[in-house]
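These numbers come from the heavy atoms of this one structure, side chains and all, not from hydrogens, waters or symmetry mates.
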There are 2 protein chains.
Amino acid sequence: MYHFQLLLFREVIKPSQNHLLLKSLFLGGFIKEDESLDEAAYRILHHLTGLKDVYMKQSYSYGKTDRDPGARVISTAYSALIKIQDIDRELKEINGAHWQSLSRLPRLIFDHREMVDRALVELQMQIKIKPVGFELLPEKFTLVQLQDLYEAIYQREIDKRNFRKKILSMNILEKLEEKEKETSKKGAFYYKFNKEHYEKHKRNGFFFNLDVN
Amino acid sequence: MYHFQLLLFREVIKPSQNHLLLKSLFLGGFIKEDESLDEAAYRILHHLTGLKDVYMKQSYSYGKTDRDPGARVISTAYSALIKIQDIDRELKEINGAHWQSLSRLPRLIFDHREMVDRALVELQMQIKIKPVGFELLPEKFTLVQLQDLYEAIYQREIDKRNFRKKILSMNILEKLEEKEKETSKKGAFYYKFNKEHYEKHKRNGFFFNLDVN
DNA sequence: CCAAAAGTGTTCGAATTACACCCATGA
DNA sequence: TCATGGGTGTAATTCGAACACTTTTGG
């Protein structure tokens, strides 16, 4: 059972003039005249982390007048899911960034805590009805990894047999011959998400729904 | 079985310079320096319709650069649910406004069709897990009215017995002595939504979930 | 008295849950 | 050989779906 982590940045930009309050910050930036909201979100993520092709979704727009004491700022928040494999490879040398467990988050400035909470709730709803979980895993993953992921998101334990029964009955996973041998002597089979199968089933009225235990 | 209607306004404001494209428009306006997004949404709704205290929810922010050919505009859409009883009383004399069935919508300008579609999908998800349906009904309503509402939102028929069984078992409705006698000789008992019961149950881990048939 | 709408229970099958042991292997 | 983590089946229960008749009353 692992936990979700939030990537925090320290003073990457300063929309606020009150420096004492600035304890931690998300990725942030200002939109340009010639780019869409989505493009701006991708640009900022890519510019500050080097990450590309990640699952990213608009979350919510925050518009209280006093949310940033330094200036009137309206922020449209996006949440990105980063593949576990990409994290260390790409983010090691980013200055001032550090991962923080969601359950032991420091005090965040402004309304950033609300942003995190809302994004997490959205994720928990999304993941029940859409296979977004696979965005967080490497191409090849074991069922144990997949279950660990779901346990982290739901913040509770799931029965192994029921979880496997349900996910496998959907026929959207492809079992590989290869085994992951790092974490156990026996080894666990790799699977991969078969997007074509998923899309085909969906056209036939199939609904992804992973609500286990 | 009735249908959802969208209230359309004609040229209330003109963010576009291309008048030929302007066929219909939602309520819209610009945010002021000293108000939040929520406040602006309420102000605009109230100013243009006279309606107050309606259920209103942020939907999504639209930010494509070319979405309005006349100017760079980022729009945060809100959707409001208006009580059936309030509609005629307050909206009769609004100039240029007319109701249009959602299933026979005219061509809308810009990305407004996407806005409607997204808002409807959000509503359909919301109404399954939150008792927002009551926002659309008068204080006192019959179970038939409530069911009609759900059938309109889901766009399908629901079994009467199963619907009543489910909604009544939640213990969030209060049966009144009074009957509605307009639509039938026998008359149908009025109910009202008991918000306190709902909040109390929710604290005890109860989840509203109305997914019938 | 009858048409029209409101109201009411039961049965069946499917889906979800709970639950415990064997397997493979490297050290 | 044994400790460690991976993998598997079945029974009990709950939940959702299907289904048809009785009640009330104004005209």
Rounded distance (Å) that lies between atom P of C:dA20 and atom CG of A:Asn162: 13 Å
Could you state the CD1-C1' distance from A:Ile158 to C:dA18, rounded to the nearest angstrom? 15 Å
Backbone N or O of A:Lys185 within a donor-acceptor pair of the A:Lys181 side chain at under 3.5 Å? yes
Within a 6.0 Å radius of atom NE2 on B:His201, are there more than 12 heavy atoms belonging to other residues, nucleotides or ligands? yes
Return the value, rounded to whole Å, for the distance between atom CG of A:Asn209 and atom C1' of C:dA14. 15 Å
With heavy atoms under 4.0 Å as the rule, sort B:Lys165 into base, sugar-phosphate or nothing. base
Residue whose closest nucleotide on DNA chain C lies nearer the 5' end, B:Thr142 versus B:Arg161: B:Thr142
Please find the earliest and latest nucleotides of DNA chain D, in the 5' to 3' direction, that have an atom within less than 4.0 Å of any heavy atom of chain A. D:dA3 to D:dT10
In sequence, state the C-alpha distance, the side-chain angles, and the governing distance for A:Ile158 and A:Tyr150, and then conclude on side-chain contact (heavy atoms from CB on, under 4.5 Å). CA-CA 8 Å; A:Ile158 298 172; A:Tyr150 271 83; 4.0 Å; yes
Just checking A:Lys166: base, sugar-phosphate only, or nothing, at a heavy-atom cut-off of under 4.0 Å? sugar-phosphate
Walk me through it: do B:Tyr55 and B:Val132 pass the test side-chain contact (heavy atoms from CB on, under 4.5 Å)? CA-CA 8 Å; B:Tyr55 176 86; B:Val132 292; 3.2 Å; yes
Matching residue for A:Lys140 among A:Glu174, A:Glu178, A:Glu180 - test: side-chain hydrogen bond (donor to acceptor under 3.5 Å, both in side chains): A:Glu178
If you compare every side-chain N and O of B:Arg164 against the phosphate oxygens of C:dG7 (OP1, OP2), does one of them come in below 4.0 Å? yes
B:Glu180 CD to C:dA6 P: how many Å, rounded? 8 Å
Ring of B:Tyr60, cation from B:Arg118 - is the NZ or CZ under 6.0 Å from the centre and inside 45° of the axis? yes
Evaluate the criterion side-chain contact (heavy atoms from CB on, under 4.5 Å) for residue pair A:Tyr154 and A:Lys128; output intermediate values, then yes/no. CA-CA 10 Å; A:Tyr154 286 133; A:Lys128 277 184 192 169; 2.8 Å; yes
DNA chain C: 5'-proximal contact among A:Asp159 and B:Asp159 (nearest heavy atom): B:Asp159
Using distance alone, with no hydrogens and no angle criterion, decide if A:Gln58 and A:Thr76 have a side-chain donor and acceptor under 3.5 Å apart. no
Sugar-phosphate only, base, or nothing, as touched by B:Thr183 at under 4.0 Å among non-hydrogen atoms: sugar-phosphate
For the residue pair B:Tyr198 and B:Phe193, does the interplanar ring angle fall in the parallel (under 30°), tilted (30 to 60°) or perpendicular (over 60°) class? tilted
Atom pairs under 3.5 Å, N or O on each side, protein against nucleotides 22-27 of chain C: can you list them with distances?
unit_1: C:dC23; atom_1: O2; unit_2: A:Lys186; atom_2: NZ; d: 3.2

